[in-house]
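Since the structure comes first, as C-alpha cells, the remarks are kept for the end.
We're numbering straight along the sequence, starting at 1.
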Amino acid sequence: MKRKSGQNPEITKNWKPATLAIRGGTARSEWGETSEALFLTSGYSYDRAEDAAARFAGEQQGMTYSRLQNPTVEMLEQRIALLEGAEACRATATGMAAMTAALLCQLSAGDHVVAAKAAFGSCRWLTDTLLPKFGIETTTIDARDTAAWEAAIQPNTKVFFFETPANPTMDVVDLAAVCAIARAHGITSVVDNAFASPALQRPMEFGADVVAYSATKMMDGQGRVLAGAICGTRQWIDNVLLPFHRNTGPTLSAFNAWVVLKGLETLDLRIRRQSENALKVAAFLEGRVAKVLYPGLQSHPQHALAMSQMDMAGPIFSLYVGGGRAEAHGLLNGLELVDISNNIGDSRSLMTHPASTTHFGMAEAARLEVGITEDMLRLNVGLEDADDVIADLDRALTSIGR
C-alpha cells in the first residue's frame, strides 16, 4: 500500500469492509511504518507565524492543537467513517461523551426530543435528567412501536434518539421506518449502534442521519481503553458537531485512538465468531431459564426484523433466570469461567446484573416498565470455546437449582 492509499477515496471506495477495517484511513509517515504511527503530542509548531494564522483561519491545511486534530486520531476517524459508510466522523473520549455531544450540539432550550424507553442507563439519564436541566423536553416511548414515534412528534421536536438492539432488553427498532418518519418531519435521527458495530449493522444504509458509538465495545473489543465516535455527513459534522466538540473538549487521546485502530483490524473476525458463539449459548439457555432475549433466536418477537437489518445478531443478549435478585446473583456467584463485569463487547465472556449495575441509576418504576427486573442478567459471549461457556453456565445454574 502506498503512503496515502488509505486516505484516497478513489482507492478506498473499491475496498470491502474487512479491508477497510485494517487499512482504511492509514497515512504513513516518511519512515514507511507498516503499523499506524502514534503521535503523542499536545500541540504543533509552524515554520512561520503566517502559517499559524492561516491554519487557525482555515486557509491552510494542517494541525493546530490535539484537542482539535491529531494524526493518529484522524486515522481512526477516517477508518470508522469508511466502515460506517459516512462522510465524516469525530472521535471522543468515551461512548457517553459521544452520546452527549451528539445530542447537545444540536439542541437548545425549548427543543423537544423523542427517545426510546429501553436504553443504556446513562443514556436514559441524559434524556430524563440532563436535557430537562437545559429546558429541553423529552418524551420516551416504546421504540418498537413505529406509530408511537409519529404520535410523539411535537412542533418543536428536533431529534429522535434510540439504540437497536437496545441495552439490555434487546428491543429492535425498525430503522428504515423510524428514520423515514424523522426525515419526513425534518427531525434528525441519532442512532446508538454500540451493540452491533458497523461490522454487523450500518444504520445510515437505512436512513439514519447520525450514528454514535461506544468504541470501547466491539471496536476495541478487548477491554483495554475507552473511546467513542460520532458519524454523519461532512456538513453536519463540521457545522453542527465540530463547534461543540472544539469548545467543550471531549477529546480522544492519541494512544487510545491507536489501540482502537488495532482493535478494528480484528473486528470482523471477532464479532462474527462471537455471534456464532452467542447463538449456540443462547440456544442452550433457552431450555434452562425462564426466558432468553436474543434477536438471533427465532423465539425473539423481532427476529425477522433484526435479521433484515443486521448481518448477524451480535455477541450480547439478556435472560431471565426466574425468581429474583437472589437467584440472579447466585448464578453470577456460581460462575468460574465467565467474569462478573458490567462491560460488553469484550473478547472475554462477561455477565452482569443490570438492575444493580448498568441501570442502577434508573428509577425502579422506569426499569420495570422496560422489563429490567431483578432476575434479568445480560451476557456478553466472548471468543472462548462456546462449549466451555455453556459448561460454566450449566454448573452455575445447577448450583441455584435450575
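- The existence of a salt bridge linking Lys117 and Glu369 is confirmed by a sub-4.0 Å separation between a basic side-chain nitrogen and an acidic carboxylate oxygen.
- A heavy-atom distance below 4.5 Å is found between the side chains of Thr266 and Gln222.
- Under the 3.5 Å distance criterion, the side-chain polar atoms of Arg367 are matched with a main-chain donor or acceptor of Met362.
- Asp392 contributes a side-chain N or O that, together with a main-chain N or O of Val338, makes up a donor-acceptor pair within less than 3.5 Å.
- Of the possible donor and acceptor atoms, none in the side chain of Arg183 sits under 3.5 Å from a partner among the backbone N and O of Ser189.
- Under the 3.5 Å distance criterion, with hydrogens and angles disregarded, no donor-acceptor pair is assigned to the side chains of Gln302 and Asp171.
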Could you go step by step and tell me if Thr352 and Thr357 meet the side chain to side chain donor-acceptor pair (under 3.5 Å) rule?
CA-CA 7 Å; Thr352 195; Thr357 59; 2.9 Å; yes
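- Taken to the nearest 0.5 Å, the CE atom of Met312 stands 10.0 Å off from the CE atom of Met310.
- The minimum heavy-atom distance between Thr169 and Ala118, with the atom names listed, is OG1-CB, 3.3 Å.
- Taking the six-membered ring where tryptophan is involved, the planes of His359 and Phe120 are perpendicular, since the angle between them exceeds 60° and thus also 30°.
- Between Lys280 and the options Asp387, Asp385, Asp388, a salt bridge (charged side-chain N to carboxylate O under 4.0 Å, His left out) holds for only Asp387.
- Side chain of Asp394 to backbone of Ile390: no donor-acceptor contact under 3.5 angstrom is found.
- Thr12 places no side-chain N or O within 3.5 Å of a backbone atom of Gly24 that could act as its donor or acceptor partner.
- In this structure, a donor-acceptor pair under 3.5 Å is absent between the side chains of Arg348 and Asn380.
- Using a distance-only test at 3.5 Å, with no hydrogens or angles considered, no donor-acceptor pair links the side chain of His353 to the main chain of Leu332.
- Atom CD of Gln235 sits in a sparse spot, with 12 or fewer heavy atoms from other residues, nucleotides or ligands closer than 6.0 Å.
- Looking at heavy atoms from C-beta onward, Thr100 lies out of side-chain contact with Pro250 at the 4.5 angstrom threshold.
- Summarising the local packing, NZ of Lys291 is surrounded by 12 or fewer heavy atoms from other residues, nucleotides or ligands at distances under 6.0 Å.
- Between the side chain of Glu163 and the backbone N or O of Val191, no donor-acceptor pair lies under 3.5 Å.
- Using a 3.5 Å distance cut-off with no hydrogens or angles, the side chains of Gln7 and Thr26 do not pair a donor with an acceptor.
- Looking at heavy atoms from C-beta onward, Glu327 lies out of side-chain contact with Asp375 at the 4.5 angstrom threshold.
- Counting heavy atoms from C-beta on, the side chains of Val178 and Phe160 come closer than 4.5 Å.
- In terms of heavy atoms, Ser356 sits closest to His329 at OG-NE2, 3.6 Å.
- A side-chain donor-acceptor contact under 3.5 Å links Asp174 to the backbone of Ala177.
- By the neighbour-count criterion of 12 heavy atoms within 6.0 Å, atom CG of Asn247 is densely surrounded, having more than that number from other residues, nucleotides or ligands.
- The 12-atom threshold is not exceeded at CZ of Arg273, counting heavy atoms of other residues, nucleotides or ligands nearer than 6.0 Å.
- The two atoms that bring Val210 and Met204 nearest to each other are CA-CE, 4.4 Å, heavy atoms only.
- Distance check: Ser349 OG to Asp339 CG gives 8.5 Å after rounding to the nearest 0.5 Å.
- Annotation: side chain of Leu383 is in contact with side chain of Gln274 (closest heavy-atom distance under 4.5 Å).
- You'll find the side chain of Leu107 reaches within 4.5 Å of the side chain of Val159, heavy atoms only.
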Mind running side-chain contact (heavy atoms from CB on, under 4.5 Å) on Phe162 and Val190 for me, showing each step along the way?
CA-CA 7 Å; Phe162 63 94; Val190 178; over 6 Å; no
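- One distance of note links CD of Gln154 with CD1 of Ile187; it measures 10.0 Å at 0.5 Å rounding.
- With rounding to the nearest 0.5 Å, the separation of OG in Ser214 from CD1 in Ile344 is 7.0 Å.
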Verdict with supporting geometry, Glu36 and Arg79, salt bridge (Lys or Arg N to Asp or Glu O under 4.0 Å):
CA-CA 12 Å; Glu36 297 83 3; Arg79 185 170 297 178; 2.7 Å; yes
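- Counting only N and O atoms by type, the side chains of Glu286 and Tyr294 include no donor and acceptor under 3.5 Å apart.
- Between the side chain of His185 and the backbone N or O of Ile153, no donor-acceptor pair lies under 3.5 Å.
- Taking both residues in full, the closest heavy atoms of Gly345 and Ile316 are given as N-CD1, 4.3 Å, listed atom of the first, atom of the second, then distance.
- Formation of a donor-acceptor pair under 3.5 Å by the Arg288 side chain with backbone atoms of Arg402 is found in this model.
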Run Glu87 and Arg234 through salt bridge (Lys or Arg N to Asp or Glu O under 4.0 Å) and show every step you take.
CA-CA 5 Å; Glu87 292 179 1; Arg234 172 64 63 184; over 6 Å; no
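- Contact of the Asn277 side chain with the Pro315 side chain is not registered, since no non-hydrogen atoms from C-beta on lie closer than 4.5 Å.
- Of all the heavy atoms in Ala21 and Leu264, the pair that sits closest is CB-O, 3.3 Å.
- Residues passing the ring pair (Phe, Tyr, Trp, His ring centres under 6.0 Å) test with His112, sequence neighbours excluded: none.
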Could you walk me through whether Arg202 and Asp311 pass the salt bridge (Lys or Arg N to Asp or Glu O under 4.0 Å) test, one step at a time?
CA-CA 10 Å; Arg202 292 157 297 281; Asp311 296 340; 3.2 Å; yes
Test log, rule side-chain contact (heavy atoms from CB on, under 4.5 Å), inputs Asn333 and Ile340
CA-CA 8 Å; Asn333 292 336; Ile340 303 172; 4.0 Å; yes
Does Lys262 form a salt bridge (Lys or Arg N to Asp or Glu O under 4.0 Å) with Asp220? I'd like the steps, not just the answer.
CA-CA 7 Å; Lys262 297 293 97 185; Asp220 169 33; over 6 Å; no
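- Between Pro295 and His303 there is no side-chain heavy-atom pair separated by less than 4.5 Å.
- Considering CG of Leu104 and CG of Leu131, their distance stands at 6.0 Å, rounded to 0.5 Å.
- Distance check, rounded to the nearest 0.5 Å: CD of Gln201 to OG1 of Thr164 gives 5.5 Å.
- Counting non-hydrogen atoms of other residues, nucleotides and ligands closer than 6.0 Å to OH of Tyr44 gives a total above 12.
- Under a 4.0 Å N-O distance rule, the pair Asp268/Arg272 qualifies as a salt bridge.
- In this structure, Phe39 has its ring center at least 6.0 angstrom away from the ring center of Trp258.
- Between Met376 and Gly371 the shortest heavy-atom distance is CE-O, 3.4 Å.
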Start with the C-alpha gap between Val113 and Thr157, add the side-chain angles, then the distance that decides, and say whether side-chain contact (heavy atoms from CB on, under 4.5 Å) holds.
CA-CA 6 Å; Val113 175; Thr157 302; over 6 Å; no
Report the C-alpha distance between Arg124 and Thr140 in whole Å, list the side-chain angles of each, state the deciding distance to 0.1 Å, and finish with yes or no for side-chain contact (heavy atoms from CB on, under 4.5 Å).
CA-CA 9 Å; Arg124 280 297 301 262; Thr140 55; 4.2 Å; yes
